Amino acid sequence: MAETPETSRSPLRAPPLDFTTFRRQETLLILLNLAAMAGLMSLHAVFQPIVGALSGGVALAFVLRFAMQMGEVALLNDARTVLSPRWTWWYARASVLAYVAFAALVSLRGSGQESHYAVLMVVPVIAAAFRFSVAGLGCVLVGIVALTIGQMWLPPHGAAASGRLVETFEATTVSLIFLVVAAVVRVLAEQLWRREDELQKSRDRLVREEKLAALGRVASAIAHEVRNPVSMIAVAVAAARRPETPASVREEVFDILSQESRRLERLTQDFLAYARNRQPQLRDTSLPDALALVAGLLRPRAAELGIDLVTGSDEATVAVDPFQIQQALLNLGLNGLEATPQGGRVELSARSLPDGASFAVEDSGPAIPADSVARLGEPFFSTKPRGTGLGLAIARSIAEAHGGELTLASNLPGQVRFELRVAAPEAAA
């Protein structure tokens with residue numbers, strides 16, 4: 001088995017095994033092995049008058065193996081258990097070796113009549129067919145066949161050569177079953193991998209097409225957003241250049257030039273912030289402190305609009321990029337203030353979660369129209385007359401960069417709530 005964790009896919013090689021896939025496969029294999037063990041114990045109890053009492057060594061091996069595999073299931077399915085590709089690679093191979101070793105142990109510890117425990121070799125055969133290259137699978141099969149047949153010639157089996165030949169024939173028949181199972185599972189696995197490769201190629205093609213379409217929509221939206229202020233600036237400059245233009249009109253023209261220039265600058269800054277997509281620089285950040293800074297920036301605007309701004313959070317610390325989180329909350333807060341009528345209320349809140357933290361901005365404005373909900377967060381889509389739609393897009397990209405998401409948690413009249421969830425570093429890995 002000369003594979004390495006980084007090997008690429010080829011017709012003779014299994015695809016790289018990620019931990020999520022391995023977790024699912026290993027859990028199913030463990031359950032299959034436990035079912036086989038329980039079935040063998042039940043059959044032995046039923047046919048005890050024929051096959052004799054179960055030896056103490058075999059019974060102890062079954063108890064220990066059962067306890068070990070139950071612990072393994074609990075460990076694999078613990079949300080805190082995450083293995084790197086290299087460790088997953090080694091774990092997968094150690095798992096197959098453990099299956100083979102256990103089946104060999106109980107077969108060797110038993111008498112000749114108990115050699116049917118070799119059926120437990122089916123589980124590592126299935127695992128190897130899914131996880132190893134053809135060469136690796138062949139090595140596993142050679143080892144299993146050698147153990148299955150070779151044990152017939154080891155004590156405590158009968159000394160008579162004729163009896164050993166009969167047992168060897170039976171063991172060879174069982175080995176042929178292993179070979180058939182390996183071939184069938186491998187063929188089915190290859191078909192599954194080819195289907196997955198085709199689906200992945202289709203997904204990649206759709207993603208490329210969607211990116212091109214999105215790029216076209218963004219380019220069109222940028223052209224539209226830039227055209228209006230540029231047109232206004234051009235008209236204003238032409239008016240200012242006319243000698244007959246009164247001084248009062250010139251002042252209005254200069255105001256227009258100033259407003260539209262600021263609008264272009266704000267549009268450029270928002271688009272650069274959205275397109276830059278900088279990786280978060282994580283550091284421990286107090287939730288109350290993060291909200292306090294955002295609230296301090298929003299309070300002058302809230303007072304100007306006659307809106308009550310309140311905050312509330314857990315006394316907890318979370319590893320995030322504080323500048324990015326504050327930028328996202330500032331965008332959400334500004335949207336909430338602009339959507340809330342005078343006398344309304346906007347609330348900023350934060351709470352810790354077992355796997356990260358949740359930030360929320362809730363306003364008492366009207367509900368967002370149903371036909372607009374699906375497009376929220378799309379660049380340059382906005383329900384505001386002069387909005388660019390980049391605020392929500394930036395907040396969503398920041399949430400995703402932190403391993404989380406931005407959701408519209410509530411959309412009721414008087415209760416519109418956006419939640420920005422971030423994952424803990426170990427959960428986002």
Side-chain angles (χ1 to χ4, degrees), residues 22-77 91-132 137 140-141 143-152 154 156-158 166-189 192:
F22 172 74
R23 188 205 310 262
R24 184 172 60 252
Q25 285 185 5
E26 188 65 13
T27 300
L28 291 175
L29 287 172
I30 290 174
L31 295 177
L32 176 61
N33 193 54
L34 293 178
M37 291 166 57
L40 287 172
M41 291 294 93
S42 300
L43 287 173
H44 196 104
V46 172
F47 292 98
Q48 182 175 343
I50 300 175
V51 299
L54 184 67
S55 67
V58 172
L60 178 61
F62 267 82
V63 171
L64 293 177
R65 180 63 172 164
F66 189 92
M68 185 179 76
Q69 293 221 283
M70 290 299 293
E72 190 177 354
V73 168
L75 179 64
L76 286 172
N77 290 277
Y91 193 164
R93 279 139 187 81
S95 171
V96 172
L97 180 61
Y99 283 119
V100 174
F102 173 73
L105 174 65
V106 295
S107 295
L108 291 172
R109 292 287 298 177
S111 65
Q113 290 95 342
E114 291 172 341
S115 61
H116 55 273
Y117 290 134
V119 73
L120 294 173
M121 293 288 189
V122 170
V123 175
V125 167
I126 294 174
F130 264 104
R131 297 172 182 171
F132 294 172
L137 175 59
V140 172
L141 287 173
I144 289 176
V145 170
L147 289 171
T148 303
I149 297 176
Q151 67 167 324
M152 297 299 107
L154 296 174
H157 291 278
V166 171
E167 291 182 349
T168 301
F169 173 76
E170 293 176 351
T172 304
T173 304
V174 172
S175 298
L176 289 175
I177 295 176
F178 295 153
L179 296 176
V180 171
V181 169
V184 171
V185 173
R186 186 67 182 199
V187 169
L188 293 176
L192 176 63

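All residue numbers in this chain count up from 1 along the given sequence. Worth knowing before you read on, the calculation uses all heavy atoms, side chains too, and leaves out hydrogens, waters and symmetry mates. Keep in mind the model is a prediction, meaning the values are calculated, not measured.
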task = Going by the side chain to side chain contact (heavy atoms under 4.5 Å, CB included) test, name the single residue among Val185, Leu192, Val184 that passes it with Leu188.
result = Val184
request  = Please say which of Thr148, Val145, Ile149 ends up in a side chain to side chain contact (heavy atoms under 4.5 Å, CB included) with Thr172.
outcome  = Ile149
query = Which atom names give the shortest non-hydrogen contact between Ala182 and Ala129, and what distance separates them?
reply = O-CB, 4.1 Å
key: Contact summary for Arg131 and Arg93, nearest pair of heavy atoms   = O-NH2, 3.7 Å
request  = Please name the pair of heavy atoms, one in Leu137 and one in Phe132, separated by the smallest distance, quoted to 0.1 Å.
outcome  = N-CB, 3.8 Å
query = Given side chains that start at C-beta, do those of Met121 and Leu147 come closer than 4.5 Å, heavy atoms only?
reply = yes
query = Are Val122 and Tyr99 side-chain neighbours, meaning at least one heavy-atom pair lies under 4.5 Å?
reply = no
key: Nearest-0.5 Å distance, OH of residue Tyr91 to CG of residue Leu76   = 4.0 Å
request  = Locate the shortest heavy-atom distance separating Ala61 from Phe102; write the atom from each residue and the value.
outcome  = O-CE1, 3.4 Å
ask   = How long is the span from the CD1 atom in Ile30 to the CD atom in Glu72, to the nearest 0.5 Å?
value = 3.5 Å
Exceeds 12 heavy-atom contacts within 6.0 angstrom, atom CE of Met70 = no
ask   = What is the distance from atom OG1 of Thr27 to atom CD of Gln69, rounded to the nearest 0.5 Å?
value = 10.5 Å
Reported CG-to-CD distance for the pair Asn33 and Glu26, which is rounded to 0.5 angstrom = 9.5 Å
inquiry  = For Phe66, is the CZ atom crowded, meaning more than 12 foreign heavy atoms sit under 6.0 Å from it?
reply    = no
Residues Leu105, Arg65; criterion side chain to side chain contact (heavy atoms under 4.5 Å, CB included); working and verdict = CA-CA 11 Å; Leu105 174 65; Arg65 180 63 172 164; over 6 Å; no
Stepwise side chain to side chain contact (heavy atoms under 4.5 Å, CB included) test for Val106 and Leu40 = CA-CA 12 Å; Val106 295; Leu40 287 172; over 6 Å; no
